Amino acid sequence: MEQKPSIPKGTRDFGPLEMSRRNYIFNTIRKVFEKYGYQPIETPAMENLSSLLGKYGEEGDKLLFKILNSGDYLAKIDDELLKEKESLKLSTQISEKGLRYDLTVPLARFVVQHRNEIVFPFKRYQIQPVWRADRPQKGRYREFFQCDVDVIGVDSLLNEVDLISVIDEVFSKLNINIVIKLNNRKILSGIAQAIGQPESMMDITMAMDKLDKIGEDKVYEELHERNISDESIEKLKPVLRLTGDNQSRLNSLGELIGSTDDGALGLEEIHTILKYLKPMNLKSPIEIDQSLARGLNYYTGAIIEVKAQDVSIGSICGGGRYDNLTGIFGMPGVSGVGVSFGADRIYDVLTELKLFPQEAGALTKVLLINFGENETPYALNILNKLHSAGISAELFPEPAKLKKQMKYADQKQIPYVVLIGEEEMKTETLTLKNMQSGDQAKITVDELIKKVE
RNA sequence: GUGGAUGUAGCUCAGCUGGUUAGAGCACUGGAUUGUGGUUCCAGGGGUCGUGGGUUCAAGUCCCAUCUUCCACCCCA
């Protein structure tokens with residue numbers, strides 16, 4: 001072979017088996033979304049760079065894929081700028097489009113742009129790929145799918161309850177045991193206030209979020225490096241060490257941060273959500289986790305994260321409440337709450353637990369063997385009858401050796417093979433072979449349809 | 001972006017301190033079996049050893065660069 005073809009770093013091909021499994025995941029998710037009244041939208045793969053830049057922080061800007069302008073894009077650039085060799089300055093001159101980085105910013109843009117056509121509360125879902133110029137790693141790709149569900153335009157905590165219920169149902173349909181972890185940004189802010197470092201909330205929460213991963217002592221080390229005073233760290237200790245069931249955690253948190261404005265608000269929100277969740281009889285346990293932060297700094301209220309119980313793979317779904325989502329596009333005062341399902345990680349969980357259903361594989365039920373020109377019209381007639389009966393069937397497209405045709409059926413895991421030769425034509429029958437048992441018998445078309453239906 | 005590992009047939013890998021013609025299993029093709037797959041047996045095709053440079057009488061093997069993939073960190077889904 002001259003040159004092996006390849007695909008860009010961090011991207012993947014999906015073969016037929018993977019596709020049927022991925023579709024199983026997407027279809028399950030989609031069905032639940034629609035059952036709860038969420039409507040689909042799609043947005044373009046590329047957005048104007050101006051819509052994307054500055055929305056994900058400095059790091060995020062670096063991870064954006066930028067698209068070169070069409071035509072002779074260097075012609076209009078003046079030589080001074082080229083000489084400077086400053087990629088960042090230059091990039092805005094030669095590129096005005098970029099691939100979307102997530103589905104939330106496009107949603108905000110969509111809501112602002114179509115505000116007069118949208119019915120609020122806007123319950124929408126969106127399942128599309130996003131792109132990040134990150135360095136690929138285990139379970140991290142440069143192109144991956146997000147499955148987002150959001151409610152826009154209503155502050156009620158019933159939306160949080162609705163989404164948690166969606167999460168519960170999706171994973172119960174997929175047979176994955178999960179824990180739904182819950183926190184609130186206002187509680188985090190209350191913690192920062194209570195320990196006397198309200199301005200360092202980001203640093204504190206980012207360090208706290210790593211508790212599971214690096215342990216208590218390392219968290220303190222990191223806090224120290226981030227210039228949090230020893231006195232504050234001392235005050236933080238009882239918060240970090242909180243354990244026990246939700247009620248006792250909430251009680252303790254009440255004592256520790258209940259006196260702060262934000263803390264009190266956050267605790268009240270969590271109480272309300274828990275109260276509403278009670279009558280819903282969810283299958284999955286809800287766990288209050290005061291150290292849960294999640295990266296995105298635009299969350300303002302509830303923070304939700306889902307972990308698989310039987311696999312250690314990190315979070316497979318997460319989200320939260322963000323006030324003023326559309327403010328960045330000049331439409332203030334619209335809040336939203338949403339969660340995103342990580343399809344790729346869910347795929348890995350289902351693979352590891354061997355939970356993909358059997359059908360996710362074979363599509364064709366019956367293969368008609370091609371014996372040659374004389375038999376083809378007869379076979380086509382049977383094929384047509386099978387299709388009319390709604391049965392997935394195919395005729396092998398050339399009169400190849402039987403061995404080859406049988407092997408084809410075997411490899412595609414087609415359960416039934418129909419042979420029609422001279423003899424079957426004469427007697428108006430066909431020979432049906434069950435590929436699993438190896439049994440075969442002469443039957444009529446009607447009997448065939450009844451059998452495989 | 002930082003650090004570490006990796007790359008040999010379509011796939012998974014072996015190949016000694018450099019030494020003749022680079023191997024295995026699986027997959028593929030043909031035959032045993034011209035109307036029967038999944039098992040078995042036999043035969044066959046397929047490799048510029050990631051790419052480019054260097055050291056050497058001699059490089060898959062040693063050195064440098066570069067790319068890929070993987071792992072950890074940063075960050076994130």
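Below, read A as the first sequence line, B as the second, and so on, with proteins coming before strands; counting in each chain starts at 1. Quantities reported herein were computed from a predicted structural model and do not represent experimental measurements.
- The side chain of A/R135 lies closest to B/C71 when the candidates are B/C71, B/C75, B/G37.
- B/A14 and B/U61 are spaced 13 Å apart, taking the C1' atom of each and rounding to whole Å.
- Looking at A/K307 and A/E287, no side-chain N of the basic residue comes within less than 4.0 Å of a carboxylate O on the acidic one, giving no salt bridge.
- The aromatic ring centres of A/F171 and A/F341 sit less than 6.0 Å apart.
- Here the separation of B/G45 from B/U29, taken at their P atoms, is 16 Å to the nearest Å.
- Nucleotide B/G1 is matched to B/C73 when pairs are restricted to Watson-Crick or G-U wobble geometry with both distances under 3.5 angstrom.
- B/A9 and B/G50 are spaced 14 Å apart, taking the C1' atom of each and rounding to whole Å.
- Straight-line distance between the C1' atoms of B/C67 and B/U56: roughly 26 Å, to the nearest whole Å.
- With both pairing distances under 3.5 Å, B/G38 is matched to nothing as a Watson-Crick or G-U wobble pair.
- Of the candidates B/U36, B/C75, B/A77, B/C75 carries the atom nearest the A/M206 side chain, counting heavy atoms from C-beta on.
- Rounded to whole angstrom, the span from the CD1 atom of A/I303 across to the P atom of B/A77 amounts to 12 Å.
- OP1 and OP2 of B/G3 both lie 4.0 Å or more from every side-chain N or O belonging to A/Q137.
- The side chain of A/R140 has B/C74 as its nearest neighbour among B/G37, B/C74, B/G3.
- Results of the side-chain hydrogen bond (donor to acceptor under 3.5 Å, both in side chains) test with A/Y408 over A/Q411, A/K412, A/Q405 single out A/K412 as the only residue that passes.
- Using a 4.0 Å cut-off, some side-chain N or O of A/K210 falls inside it from OP1 or OP2 of B/C75.
- For B/C57, the paired nucleotide is B/G19, the pair qualifying as Watson-Crick or G-U wobble because both relevant distances are below 3.5 Å.
- Between A/K442 and A/E423, at least one side-chain N (NZ, or NE/NH1/NH2) sits under 4.0 Å from a carboxylate O, which counts as a salt bridge.
- Comparing B/G30, B/U68, B/G37 by their closest approach to the side chain of A/K403 singles out B/G37.
- In this structure, the nucleotide among B/G38, B/G35, B/A77 sitting nearest to the side chain of A/D410 is B/G38.
- With both ends at atom P, the span from B/U8 to B/U12 equals 8 Å, rounded to whole Å.
- Distance NZ (A/K55) to P (B/C75): 23 Å, rounded to an integer number of Å.
- Judged by Watson-Crick or G-U wobble contacts below 3.5 Å, the nucleotide B/U66 has B/G50 as its partner.
- When only modelled atom types and interatomic distance are considered, A/R30 and A/N27 share a side-chain donor-acceptor pair under 3.5 Å.
- When both pairing distances are held under 3.5 Å, B/A24 makes a Watson-Crick or G-U pair with B/U12.
- Residue-nucleotide stacking is present for A/F144 and B/A77, judged by a side-chain ring centre under 5.5 Å from the six-membered base ring centre and planes under 30° apart.
- The distance from atom NZ of A/K218 to atom C1' of B/A72 is 13 Å, rounded to the nearest whole Å.
- Distance noted for atom P between B/C28 and B/C11: 15 Å (whole Å).
- Rounded to whole Å, the separation between the C1' atoms of B/U33 and B/C42 comes to 13 Å.
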